[in-house]
Amino acid sequence: MGDRESSADAALRVLVLRRDPVFGSASACCSTRSLFFGSGPGAEIVIPGSKSITNRAIVLAALGDGVVTLKGSLWSEDTEAMTECMHKLGIKVEVAPDPDVEANRTITVHGCGGKVPAGGTEEQPLELFVANAGTAARFLTAMVCLGAGGVYRLSGVPRMHERPQQELVRALRALGYRVDTPNDKLPALVHGGGARPGPVTVSVADTPSSPARCCCPRAGAAGRSPPRRARTPTSSPTWR
């Protein structure tokens with residue numbers, strides 16, 4: 001950006017950097033802003049959605065009750081991988097074009113009420129391919145632990161198999177779930193066991209905190225306390 005950057009270009013740059021997606025029951029994962037430049041004509045810009053927020057919203061909607069419509073959801077390799085995994089799990093997800101942004105979609109998720117369909121067997125596990133989607137890898141690993149028995153195999157592209165999952169695996173094992181992986185990375189076999197009572201503590205700054213906070217409330221609905229935030233004098237904030 002040089003000294004001659006126009007006021008419109010500067011305003012647009014600030015707008016993009018300060019994107020503020022909105023997430024609610026009828027979720028908008030993108031943001032619409034109006035820009036006015038002095039006395040000249042104004043412009044309304046719709047910013048594409050966030051793949052990270054979209055994938056989190058899909059998991060929350062899938063674990064919830066009833067039907068949830070996610071508007072302004074970004075359609076990317078990561079969100080497509082998450083949607084395909086939901087289909088493999090037997091959770092109904094419908095995808096329709098977005099009328100405003102070509103890159104977005106309107107996604108309708110039919111919640112399973114916390115009752116994740118059962119997986120396969122150890123010899124023939126239910127295959128869930130997450131491609132290179134880190135959000136899908138982490139959240140689905142936690143989500144299928146709530147499954148009604150059976151075995152799920154999560155895998156991705158070679159690069160995904162290099163990414164560490166140690167803290168997430170540790171947290172799930174601490175709750176009594178069986179996660180088979182020789183190096184705490186994908187591919188991994190996860191044995192569904194339904195909601196299991198018992199405490200677990202994860203740092204809010206670490207990888208497993210978001211999946212734990214999304215999936216633990218469903219475990220709470222089945223008889224255990226929801227996660228709570230705790231702070232110790234010698235560590236960062238944690239969820240228990």
Side-chain angles (χ1 to χ4, degrees), residues 1 8-37 42-112 116 128-144 154 156-157 159-160 163 168 204-205 207-215 217-218:
M1 292 169 286
D9 290 338
L12 178 58
R13 175 169 54 82
V14 172
L15 174 68
V16 172
L17 291 176
R18 297 183 62 184
R19 180 178 60 185
D20 183 24
V22 179
F23 173 52
S25 56
S27 310
C29 297
C30 67
S31 179
T32 303
R33 298 293 177 86
S34 296
L35 300 181
F36 299 94
F37 310 112
E44 184 174 88
I45 297 176
V46 180
I47 301 173
S50 161
K51 65 180 181 181
S52 178
I53 293 176
T54 297
N55 271 350
R56 284 166 167 80
I58 291 173
V59 170
L60 289 170
L63 287 173
D65 300 305
V67 180
V68 176
T69 299
L70 306 172
K71 297 180 180 179
S73 303
L74 181 67
W75 192 244
S76 66
E77 180 183 343
D78 286 16
T79 51
E80 184 174 4
M82 177 70 87
T83 300
E84 287 300 318
C85 286
M86 290 296 171
H87 289 159
K88 292 292 293 289
L89 285 170
I91 296 174
K92 186 178 180 180
V93 178
E94 300 166 305
V95 181
D98 186 286
D100 298 316
V101 181
E102 184 179 357
N104 288 349
R105 297 292 187 274
T106 296
I107 300 178
T108 302
V109 183
H110 297 251
C112 67
V116 179
L128 299 175
F129 182 72
V130 301
N132 197 33
T135 307
R138 297 193 306 273
F139 281 75
L140 287 171
T141 300
M143 179 178 172
V144 298
L154 287 94
V157 300
R159 178 69 183 90
M160 175 56 67
R163 298 172 66 171
L168 174 59
V204 297
T207 297
S209 63
S210 291
R213 282 182 285 169
C214 279
C215 298
R218 261 304 164 186

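Every heavy atom of this structure was used, including side-chain atoms; hydrogens, water molecules and symmetry mates were not.
For residues 72-83, the set of pairs meeting the salt bridge (charged side-chain N to carboxylate O under 4.0 Å, His left out) definition, not counting sequence neighbours, comprises K51-D78.
Although no hydrogens or angles enter the test, the distance criterion places no donor-acceptor pair under 3.5 Å between the side chain of N132 and the main chain of V157.
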Which is it for L140 and L89 under the side-chain contact (heavy atoms from CB on, under 4.5 Å) test, yes or no, and what are the steps along the way?
-> CA-CA 10 Å; L140 287 171; L89 285 170; 4.3 Å; yes
side-chain contact (heavy atoms from CB on, under 4.5 Å) between M86 and V59, worked out = CA-CA 9 Å; M86 290 296 171; V59 170; 4.1 Å; yes
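Distance CG/L70 to CG/L60: 9.5 Å, rounded to 0.5 Å. Note that the CE atom of M82 and the OG1 atom of T54 stand 10.0 Å from one another [nearest 0.5 Å]. In this structure, CD on E84 lies 11.0 Å from CG on L128, to the nearest 0.5 angstrom. Atom OG1 of T79 and atom CG of N55 lie 6.0 Å apart (nearest 0.5 Å). Atom CD1 of I53 is separated from atom CD1 of I58 by 12.5 Å, given to the nearest 0.5 angstrom.
In terms of heavy atoms, A137 sits closest to L154 at O-CD2, 4.0 Å. Across every non-hydrogen atom of V109 and A61, the tightest pair is CB-CB, 3.7 Å. Here the closest non-hydrogen pair linking P48 and L74 is CB-CD1, 4.3 Å. Scanning both residues, A62 and M143, for their nearest heavy atoms gives CB-CE, 3.9 Å. Here the shortest heavy-atom pairing between C85 and V130 reads SG-CG1, 4.3 Å. Counting all heavy atoms, side chain and backbone alike, T83 lies closest to W75 at OG1-CZ3, 3.7 Å.
For the side-chain hydrogen bond (donor to acceptor under 3.5 Å, both in side chains) test, no residue two or more places apart in sequence or in another chain qualifies with T135.
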